[in-house]
Protein chains: 2
Amino acid sequence: MIVIHSNIASKINEKVYKKDPLTSDLGKKILSGTIELMSEIGFEDFTFKKLSDSIASTEASIYRYFENKHNLLTYLTMWYWSWLQHKCAIKTINIESSEKRLENVIIALTEPVLLDEQFDYINEVKLHLIVITESSKVYHCKKVDRDNKEGFFLTYKELVEAVASIILEIDKDYQYPHMLVSTIIEGAHHQRFFAEHLPRLTDTHEGVDSVTLFFVQLIKSELKID
Amino acid sequence: MIVIHSNIASKINEKVYKKDPLTSDLGKKILSGTIELMSEIGFEDFTFKKLSDSIASTEASIYRYFENKHNLLTYLTMWYWSWLQHKCAIKTINIESSEKRLENVIIALTEPVLLDEQFDYINEVKLHLIVITESSKVYHCKKVDRDNKEGFFLTYKELVEAVASIILEIDKDYQYPHMLVSTIIEGAHHQRFFAEHLPRLTDTHEGVDSVTLFFVQLIKSELKID
DNA sequence: ACAAATATAATAGTAATACTATCAATATCG
DNA sequence: CGATATTGATAGTATTACTATTATATTTGT
């Protein structure tokens with residue numbers, strides 16, 4: 001059961017930051033500045049020095065909010081998973097059919113993000129682009145087990161669990177609900193990256209969103225829907 | 001058509017290295033030492049200083065072979081794609097049925113690597129573990145377009161193309177052959193990583209290799225095979 | 001066998017990064 | 001209005017990611 005949380009940031013684990021960035025103007029400027037700068041220069045070239053220059057603050061001030069850039073990226077990624085949870089909840093509300101709810105959720109998980117609407121300190125379009133390219137770095141590192149113990153991946157796990165439970169409504173004996181969901185979520189990011197940078201690794205068709213079409217078709221084939 | 005290359009390294013683009021590591025003892029020690037050290041401490045903590053200490057050489061000597069650790073990881077990843085190409089070729093030789101060839105290839109692409117057999121300077125088991133955790137970093141970076149122009153991802157593209165062509169033999173109208181293949185290759189890596197570090201994002205079943213079973217079933221469902 | 005070329009080791013040095021520490025200025029809060 | 005917390009300014013350290021130089025060892029060509 002997906003629960004709607006009006007405050008997306010409230011699900012973010014406290015240990016990922018030293019001081020909650022949403023409690024001050026500087027904190028919010030750190031978030032918006034990071035999204036701006038990191039989407040431009042990428043995670044590797046991103047430094048707290050460059051960030052502080054770009055928002056007219058200082059390195060030391062930023063270190064009061066986040067231990068390092070890795071945790072800052074983790075924060076943004078947690079925010080993104082939490083935001084996707086919310087989006088999925090909205091898209092399934094008041095819909096009876098499990099099949100239809102699943103389809104809506106897969107669309108929500110895989111479609112491009114085109115509008116930057118609700119949050120003054122988070123540009124959702126640019127955050128989505130950062131997530132596509134950089135998010136796997138939050139777990140593809142040696143501190144993954146430590147971070148996992150702290151609960152840094154909980155919003156991701158909850159999201160996968162919520163979608164997996166819809167799958168089990170449709171086929172209670174299906175063997176790989178979590179695998180199928182995480183393959184689709186990660187896969188959609190990969191395919192959008194490939195479409196942009198390594199097109200021979202994917203397939204694009206004129207005038208349609210192949211990524212979403214592919215994954216919707218894939219899950220229906222796998223679950224024998226229609 | 002998959003062509004069998006007896007020399008896997010011969011497909012590796014020259015621009016990824018400054019001096020071919022296979023032309024000297026030191027070069028081979030750089031490769032084997034990197035696989036050893038990087039599988040232990042991870043890409044981020046890996047430095048040329050630590051590597052040179054571990055193989056009793058010097059930083060400057062290693063810089064004569066590779067510009068930086070990123071290109072060294074790229075070399076190993078290219079080697080891995082090329083090795084998979086070879087593995088797929090072996091597994092499809094003399095098999096008539098397209099369906100059977102596809103199944104064998106999907107198994108080859110997704111199964112765990114358990115034996116370190118053929119190469120004295122490459123430990124295939126440890127290389128596979130490095131690829132699972134680190135390989136996406138070779139393209140998830142700002143120099144991806146430059147590296148792509150140099151041809152650093154050609155062995156990957158050829159691998160995807162070879163499998164895609166089997167899919168088209170089975171269903172010449174199938175719309176997403178490359179997307180399906182790259183989703184499976186990347187997905188298998190992700191699922192193995194999740195099984196090890198974030199098990200709630202995947203599904204494991206006692207005594208069987210769920211990852212391979214899942215992806216074989218997935219491609220058969222999608223292509224309506226059986 | 002020996003000169004010439006090449007590869008490696010040893011060492012030094014630089015600019016940038018990833019932090020930590022200190023203290024002054026400023027805003028806020030009771 | 002005084003106390004407290006926040007930020008800015010500045011400085012400093014260890015490590016990293018390289019480049020450069022020279023000496024020594026090894027290989028190669030004749």
Side-chain angles (χ1 to χ4, degrees), chain A residues 14-34 37-38 40-76 121 134 137-138 140-143 146-147, chain B residues 14-34 37-38 40-76 121 134 137-138 140-143 146-147:
Chain A
E14 296 190 352
K15 290 192 175 154
V16 79
Y17 48 73
K18 294 207 287 203
K19 177 174 156 62
D20 186 348
L22 295 185
T23 59
S24 73
D25 280 358
L26 178 61
K28 288 172 197 160
K29 264 167 58 185
I30 289 173
L31 298 182
S32 58
T34 297
L37 184 60
M38 201 181 283
E40 213 174 290
I41 66 175
F43 181 69
E44 276 72 32
D45 291 344
F46 176 90
T47 67
F48 279 4
K49 184 76 184 59
K50 288 175 189 167
L51 173 61
S52 60
D53 286 349
S54 82
I55 62 174
S57 180
T58 63
E59 233 184 320
S61 297
I62 292 164
Y63 274 104
R64 273 185 218 107
Y65 285 83
F66 291 97
E67 271 181 42
N68 48 51
K69 68 175 177 176
H70 186 267
N71 281 17
L72 175 46
L73 178 63
T74 303
Y75 180 98
L76 291 176
Y121 50 93
E134 320 289 2
K137 294 167 190 169
V138 310
H140 279 155
C141 66
K142 279 291 156 180
K143 74 197 256 291
R146 219 178 325 139
D147 284 359
Chain B
E14 297 190 351
K15 290 194 176 152
V16 79
Y17 49 72
K18 295 206 287 200
K19 177 175 154 63
D20 186 347
L22 295 185
T23 59
S24 73
D25 280 358
L26 178 60
K28 287 172 197 161
K29 262 167 61 185
I30 290 173
L31 297 182
S32 58
T34 298
L37 185 59
M38 200 181 285
E40 211 176 292
I41 66 175
F43 181 70
E44 276 71 31
D45 291 345
F46 176 91
T47 67
F48 278 3
K49 184 77 184 59
K50 288 176 188 167
L51 174 61
S52 60
D53 286 349
S54 82
I55 62 174
S57 180
T58 64
E59 234 184 322
S61 297
I62 292 165
Y63 274 104
R64 268 183 230 109
Y65 286 83
F66 291 98
E67 271 179 43
N68 48 51
K69 68 175 178 176
H70 186 269
N71 281 18
L72 176 45
L73 178 63
T74 303
Y75 180 98
L76 291 176
Y121 50 93
E134 319 290 1
K137 294 168 190 170
V138 309
H140 278 155
C141 66
K142 279 292 156 180
K143 73 198 257 294
R146 218 178 326 138
D147 284 359

### Query
Going by atom types alone, do A:T34 and A:Y75 pair a side-chain donor with an acceptor below 3.5 Å?
no
What is the separation between atom [atom1] on [X] and atom [atom2] on [N], rounded to the nearest whole Å?
{"X": "B:I30", "N": "C:dT8", "atom1": "CD1", "atom2": "P", "value": "8 Å"}
{"X": "B:D53", "N": "D:dA17", "atom1": "CG", "atom2": "C1'", "value": "15 Å"}
{"X": "B:K28", "N": "C:dA7", "atom1": "NZ", "atom2": "P", "value": "15 Å"}
{"X": "B:F43", "N": "D:dT16", "atom1": "CZ", "atom2": "P", "value": "14 Å"}
{"X": "B:N71", "N": "D:dA17", "atom1": "CG", "atom2": "C1'", "value": "13 Å"}
{"X": "A:K18", "N": "C:dT20", "atom1": "NZ", "atom2": "C1'", "value": "9 Å"}
{"X": "B:F66", "N": "C:dT8", "atom1": "CZ", "atom2": "P", "value": "13 Å"}
{"X": "A:F48", "N": "D:dG8", "atom1": "CZ", "atom2": "P", "value": "15 Å"}

### Query
B:S24 side chain N/O closer than 4.0 Å to the phosphate oxygens (OP1, OP2) of C:dA7?
no
### Message
With a cut-off of less than 4.0 Å, is there a side-chain N or O of A:T58 near OP1 or OP2 of D:dT7?
### Response
no
### Query
Looking at B:F43, is B:K69 sitting on its ring face, NZ or CZ under 6.0 Å from the six-membered ring centre and within 45 degrees of the normal?
yes
Identify whether any heavy atom of [X] sits under 4.0 Å from a base atom; if not, whether one sits that close to sugar-phosphate; answer base, sugar-phosphate or nothing.
{"X": "A:Y65", "value": "sugar-phosphate"}
{"X": "B:E59", "value": "base"}
{"X": "A:K49", "value": "nothing"}
{"X": "A:S61", "value": "base"}
{"X": "A:K19", "value": "sugar-phosphate"}

### Task
Using the closest heavy atom to pick a nucleotide of DNA chain D for each, name whichever of B:A60 or B:K69 lands nearer the 5' end.
B:K69
#### Entry: Closest-nucleotide 5' rank along DNA chain D - winner of A:A56 and B:D45
A:A56
### Query
Yes or no on salt bridge (charged side-chain N to carboxylate O under 4.0 Å, His left out) for B:K49 and B:D53, after CA distance, side-chain angles and deciding distance?
CA-CA 6 Å; B:K49 184 77 184 59; B:D53 286 349; 3.1 Å; yes
### Query
To the nearest 0.5 Å, how far apart are CG in B:N71 and CG in B:L76?
11.0 Å
Closest to the [X] side chain: [options]?
{"X": "A:L26", "options": "C:dT20, C:dA10, D:dG8", "value": "D:dG8"}
{"X": "A:N68", "options": "D:dG8, C:dC19, D:dT16", "value": "C:dC19"}
{"X": "A:Y63", "options": "C:dC19, D:dT19, D:dA17", "value": "C:dC19"}

### Query
Does a salt bridge link A:E67 with A:K15, judged by any charged N lying under 4.0 Å from a carboxylate O?
no
## Note on the structure
Between A:K50 and A:R64, whichever has its closest DNA chain C nucleotide further toward 5' is A:K50
### Message
Please determine whether salt bridge (charged side-chain N to carboxylate O under 4.0 Å, His left out) holds for the pair A:K137 and A:E44, giving the CA-CA distance in whole Å, both sets of side-chain angles, and the decisive distance to 0.1 Å.
### Response
CA-CA 10 Å; A:K137 294 167 190 169; A:E44 276 72 32; 3.1 Å; yes
